[in-house]
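Below is one structure, written out as structure tokens, with a few remarks after it.
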Amino acid sequence: MSQPTTMRRVAAISASAITALALVVPGAQADPPEPNLRSEAPRDLKIGSAVWGQRDLLGYDPKNPTEFQRILATEFNSLTPENDMKWAEIHPEPDVYDFSGADAVMAFAKANGQEVRGHTLLWHSQNPQWVTTASAGWTCDEARDVLEDHISTVVGRYAGEIYEWDVANEIFQDDWDAGGVRLRTGANPFLKACAEDPVALLSDAFKWAHEADPEAVLFLNDYNAEGINNKTDAYYALAQELLADGAPLHGFGAQGHLSLQYGFDESIQENFERFADLGLKVSVTEADVRMPLGEDGEPDAEQIALQAERYDKMLEACLNVASCTSYTVWGFDDARSWVPGVFPEGYATIMTEEYEKKPAYFALLESLTDATPGKSPRTPPGLNG
Ligand code: G3I
């Protein structure tokens, strides 16, 4: 009697599996896993990626991950919700919280032994319509009540599970904005309502977050905040003011959104050191390096090399400052990068749309490997146990 086709196929597979097993030399070891960013991270440095839980992690099955999820789990030991913990997503109506995207990030991190950076509690952007509308008539007390409820609810929900929170994000304008570098008391609805004493509001925002989760390390976070410049001078002064006021401010995050159109500010390490000298942790929180592309949509070899160098310089600054806690890329693949939606630029991440690792990836990998205990004088003694 002839076997049905499926049975024949199973029999054939079993036979080849047995042959393969027989070829295994007794005592021979399997190839060691390839080093990756996560495995090479020195001391307790977190190597992270942003991820949009609502888009990429809902329905995650650890036994059957997508290729994106497999890489996210393999390469990183820290995740930042790219959008899921922002006001518009997590608090869409006055009395409605939607934790679905944020919970998906937390669950993925837990399943893969990763930690989570919270992002963000006070920002001028991505606020829900109800905040934009209602805030026009807020007194400072009303704004404070709304912010306190939000911070207590969101931070409280994940208390003990989030190692760092970007409490206040992009609260200073830039040099090139009207009015120059100053607190965003125009665009940020909470700072606007409390414009008479915005620092008191900021101080309380940190206190509310600390009350809700005493273990979380609480950060100020901004872009164009890598080197020493007018904006980081303003942050430096604010940090001193908040600390003097007893605010539980613990960290300063430089986002690290760079473009090859501009130069690289070599003072990043010095900038980190001055915040570290205040007793703060520092982090690179949203690294990516974008560039204008040719007509074919591709970068040239020089751009690719320069991108690798810039990613690496930000990492080097972090490795060289003992209180640098984390280095996070703002997404790892070009298919999901926020950049092309906003700038006429691209190729900003460390992997292509097909997850091919770019020279930038290998530059990071090499620097992490060089910084492992015993290999590099950069590793401060005692940090690696
Ligand atoms: O809110 C809708 C959502 O309901 C809908 O399902 C979805 C469908 O596409 O659109 C959603 O809006 C998107 C939003 O993210 C999600 O909250 C917007 O289209 C999208 O443009 C928006 O972009 C994000 C951007 O912040 C918003 O300002 C990017 O993905 C995110 O990478 C970017 O991240 C910021 C950091 O938080 C702070 N630093 C700068 C960085 C880059 O801009």
Side-chain angles (χ1 to χ4, degrees), residues 48-59 68 72 76 78-93 96-105 116-133 150 154 162 164-174 176-177 184 187-189 191 219-226 231-232 235 251-259 261-262 283-291 311 314 326-351 353:
S49 175
V51 59
W52 191 348
Q54 194 69 246
R55 181 187 61 195
D56 291 313
L57 301 181
L58 290 182
F68 170 84
L72 187 69
F76 303 98
S78 170
L79 303 179
T80 303
E82 184 168 351
N83 290 303
D84 307 280
M85 290 183 181
K86 292 173 180 173
W87 272 76
E89 302 297 310
I90 208 166
H91 196 170
E93 300 294 338
V96 177
Y97 284 89
D98 177 354
F99 297 110
S100 54
D103 283 356
V105 176
V116 177
R117 282 197 95 250
H119 177 81
T120 177
L121 301 167
L122 175 63
W123 192 23
H124 64 279
S125 187
Q126 263 177 288
N127 287 313
Q129 189 55 49
W130 71 268
V131 165
T132 312
T133 308
H150 179 87
V154 175
I162 290 201
E164 290 173 357
W165 261 111
D166 290 331
V167 173
N169 192 44
E170 301 171 10
I171 52 172
F172 280 105
Q173 297 189 159
D174 289 282
W176 54 83
D177 289 321
R184 290 188 196 266
N188 185 306
L191 295 179
F219 272 67
L220 292 164
N221 187 54
D222 212 325
Y223 64 87
N224 190 24
E226 292 71 43
K231 199 185 209 179
T232 54
Y235 271 106
F252 177 74
Q255 292 182 0
H257 291 295
L258 306 185
S259 168
Q261 292 199 72
Y262 314 108
S283 286
V284 176
T285 56
E286 307 183 12
D288 54 19
V289 183
R290 61 186 190 271
M291 63 197 75
Y311 263 106
M314 291 193 279
S326 59
Y327 179 95
T328 293
V329 294
W330 207 238
F332 63 83
D333 64 312
D334 282 342
R336 291 171 179 79
S337 169
W338 67 288
V339 165
V342 176
F343 296 101
E345 295 174 85
Y347 201 75
T349 72
I350 57 173
M351 293 187 200
E353 296 194 5

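Whatever order the structure lists ligands and atoms in, that order sets their numbers, starting from 1.
The backbone N or O of Tyr223 sits less than 3.5 Å from a side-chain atom of Lys231, completing a donor-acceptor pair. For the pair Thr120 (side chain) and Asp166 (backbone), a donor-acceptor distance under 3.5 Å is present.
For atom 41 (C) of ligand 1, the nearest protein heavy atom lies closer than 4.0 Å. At a distance under 4.0 Å, no protein heavy atom can be found next to atom 12 (O) of ligand 1. Counting protein heavy atoms under 4.0 angstrom from atom 21 (O) of ligand 1 gives zero. Using a 4.0 Å threshold on non-hydrogen atoms, atom 17 (O) of ligand 1 counts as touching the protein. Per-atom contact check: atom 5 (C) of ligand 1 does not touch the protein, criterion being a heavy-atom distance below 4.0 Å. Distance check for atom 29 (C) of ligand 1: a protein heavy atom is found below 4.0 Å.
The side chain to side chain donor-acceptor pair (under 3.5 Å) with Asn83 is formed by just one residue from the set Gln126, Glu89, Gln54; it is Gln126.
Ligand-side atoms of ligand 1 in range of Asn169: 38 (C), range being under 4.0 angstrom from any heavy atom. Residue Trp52 has at least one heavy-atom neighbour below 4.0 Å for each of these atoms of ligand 1: 13 (C), 16 (C).
Aromatic ring orientation, Trp338 versus Phe343: perpendicular (interplanar angle above 60°, classes split at 30° and 60°). Ring planes of Trp87 and His150: parallel class, angle under 30° (limits at 30 and 60°).
Under 4.0 angstrom from ligand 1, there are no non-hydrogen atoms of Tyr223. Only the side chain of His119 comes within contact range of ligand 1, with a heavy atom under 4.0 Å; no backbone atom does. In Thr120, neither the side chain nor the backbone holds a heavy atom less than 4.0 Å from any atom of ligand 1.
Note on ligand 1: Ser125 sits in its first shell, one or more heavy atoms being nearer than 4.0 Å. Under a 4.0 angstrom heavy-atom cut-off, His257 registers as being in contact with ligand 1.
Close placement of the Tyr97 and His91 rings is indicated, their centers lying within 6.0 Å of each other.
If you check the side chains of Glu226 and Gln255, you find no donor sitting under 3.5 Å from an acceptor.
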Exercise. Any chance you could lay out the ring-ring contact (aromatic ring centres under 6.0 Å, His included) test for Phe219 and Phe252, step after step, and finish with the verdict?
Key: CA-CA 5 Å; Phe219 272 67; Phe252 177 74; 8.4 Å; no

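Of all heavy-atom pairs spanning Arg117 and Pro81, the tightest one is O-CD, 3.1 Å.
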